[in-house]
Protein chains: 2
Amino acid sequence: MLSQKTRYAIRAMQDLADRYGQGPAQLADIAERQNIPPKFLTVILSELTRFGLVDSQRGRDGGYWLAIAPVDISYGDLIRIMRGSLALVPCASRFAHEKCKNCVAESDCRTRALMLEVRDRTAELLDAIKLSDPIELAPADLGEGETTE
Amino acid sequence: MLSQKTRYAIRAMQDLADRYGQGPAQLADIAERQNIPPKFLTVILSELTRFGLVDSQRGRDGGYWLAIAPVDISYGDLIRIMRGSLALVPCASRFAHEKCKNCVAESDCRTRALMLEVRDRTAELLDAIKLSDPIELAPADLGEGETTE
DNA sequence: TTATTCTCTATCAAATAAGTTGAGAATATG
DNA sequence: CATATTCTCAACTTATTTGATAGAGAATAA
């Protein structure tokens with residue numbers, strides 16, 4: 001699962017993408033529109049700023065804006081930046097590769113072999129969709145036993 | 001990421017699948033072969049037993065064995081059982097659907113729309129691979145900057 | 001009846017996640 | 001320059017989850 005922080009980060013970036021080219025957006029406004037605790041959002045936006053995805057300016061009429069065009073930021077990038085990896089297990093991560101604790105030998109691990117494939121497919125999908133892409137909204141799910149997985 | 005417990009569960013099930021039809025396997029042996037803390041494995045195997053994937057017998061020469069043929073157990077099933085869902089966000093889960101805390105309206109949530117697709121693709125892959133399938137092992141990753149994502 | 005092996009609930013510690021505090025630094029404006 | 005505004009950043013708190021263990025109990029075979 002994506003952490004709450006990662007989800008907030010994604011929504012904040014979508015918010016900025018929607019306003020790309022329109023000058024700085026202020027933290028308090030983003031927080032309100034996106035329903036994110038403002039103080040927590042400072043942590044998230046500062047992190048995104050340090051990573052170079054967002055630029056900022058202090059003082060009156062300051063705020064945040066995307067440092068990169070929305071068309072050049074994929075959802076894959078966002079998730080990698082926020083959670084370190086797209087993979088489901090550490091040993092299947094490309095950029096944050098790490099041996100799984102208490103595992104059998106990597107070369108013998110069937111789980112790993114499988115998770116490498118899952119990671120590749122996920123990356124394929126998430127790297128292809130950019131912050132600029134219109135996303136077709138899905139109908140809300142109400143209650144139990146619905147049509148979505 | 002999959003929890004350690006889920007990874008242990010997968011390895012334990014692979015272990016049982018390899019011995020399908022050969023009588024009960026004992027917890028201590030599975031634990032040793034798969035490098036899983038034995039006491040923790042009791043929790044995991046009991047859970048799998050309660051879910052009906054595994055059968056067990058107590059007493060001398062007792063142990064665990066698959067209650068279902070390996071060909072009928074997919075990795076998707078295993079992950080759903082152990083972590084509740086294949087989805088990356090609660091609101092994109094089919095069987096464990098739940099509103100994401102602090103989100104915008106589900107019908108307005110682009111993240112959700114996207115994650116529904118990720119979940120579908122992951123499910124497609126993981127539901128097609130069964131415990132009985134031979135999995136081509138991947139070479140171990142040594143150190144930094146490798147070829148895997 | 002005894003040794004063996006699974007069952008179950010409770011509990012604990014460590015790690016992670018979520019969110020807050022508060023002091024500080026840059027910027028625009030009057 | 002003084003002030004209000006807005007971001008910056010490290011430290012901290014709290015809640016939750018995860019990983020693991022303990023220990024009493026119940027079934028089974030010999």
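Here is the naming used below: chain letters follow the sequence lines, and residue numbers restart at 1 for every chain. Quick caveat: nothing in here was measured; it's all calculated off a predicted structure.
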| To the nearest angstrom, how far is A/L48 atom CG from D/dC9 atom P? | 13 Å
| query | What heavy-atom pair brings A/G84 and A/A96 nearest, and what distance separates the two atoms? | reply | O-CB, 3.5 Å
| request: Indicate yes or no for a side-chain donor-acceptor contact from A/T42 to the backbone of A/K39 under 3.5 Å, with no hydrogens or angles considered. | output: yes
| task | Would you mind telling me which residue lines up with the more 5' stretch of DNA chain C, B/S56 or A/P37, judged by nearest nucleotide? | result | B/S56
| task | Could you list the residues that satisfy side-chain contact (heavy atoms from CB on, under 4.5 Å) with A/R60, not counting sequence neighbours? | result | none
| task | Check each of B/Q4, B/R11, B/R7 against B/I36 using the side-chain contact (heavy atoms from CB on, under 4.5 Å) test, and report the only one that passes. | result | B/R11
| request: Walk along DNA chain C from 5' to 3' and tell me the first and last nucleotide with an atom closer than 4.0 Å to a non-hydrogen atom of chain B. | output: C/dT4 to C/dG19
| remark: When rounded to whole Å, the CG to C1' distance for the pair A/D61 and D/dC7 reads 13 Å
| Nearest-angstrom distance from the residue atom CZ of A/F40 to P of D/dC7 | 17 Å
| request: Determine whether the side chains of B/N102 and A/Y8 contain a donor N or O and an acceptor N or O closer than 3.5 Å. | output: yes
| A/Y64 OH to D/dT5 C1': how many Å, rounded? | 13 Å
| said: So, does A/T42 get its side chain near the phosphate of D/dC7, meaning an N or O under 4.0 Å from OP1 or OP2? | reply: no
| message | Under 4.0 Å between a side-chain nitrogen and a carboxylate oxygen: does that hold for A/K130 and A/D133? | response | no
| Option passing side-chain contact (heavy atoms from CB on, under 4.5 Å) with A/C91 (candidates A/E98, A/H97, A/K101) | A/H97
| remark: From CE of B/M82 across to C1' of D/dT18 the rounded distance in Å is 12 Å
| field | Interatomic distance where CG belongs to B/L45 and P belongs to D/dA20 [whole Å] | value | 15 Å
| remark: Terminal axes of the helix from C/dT1-D/dA30 to C/dG30-D/dC1 (5 end pairs apiece), angle rounded to 10 degrees, sit apart by 10°
| field | Rounded distance in Å - CG (A/N102) to P (D/dT18) | value | 17 Å
| task | Would you please confirm or rule out a distance under 4.0 Å between OP1 or OP2 of D/dA29 and any side-chain N or O of B/Q57? | result | yes
| message | Let me spell it out: for each of B/R60 and A/L27, pick the nucleotide of DNA chain D with the closest heavy atom. Which residue's pick is nearer the 5' end? | response | A/L27
| Side chain of B/T6, backbone of B/L2: donor and acceptor closer than 3.5 Å? | no
| said: What contact category does B/R50 fall into here, base, sugar-phosphate, or nothing, at under 4.0 angstrom with non-hydrogen atoms? | reply: sugar-phosphate
| message | Distance criterion of 3.5 Å, no angle test: do you see the side chain of B/K39 paired donor-to-acceptor with the base of D/dG23? | response | yes
| task | Measure the distance from CG on A/L41 to C1' on D/dT8 and round it to the nearest whole Å. | result | 13 Å
| field | More than 12 heavy atoms from other groups under 6.0 Å of CD on A/E136 | value | no
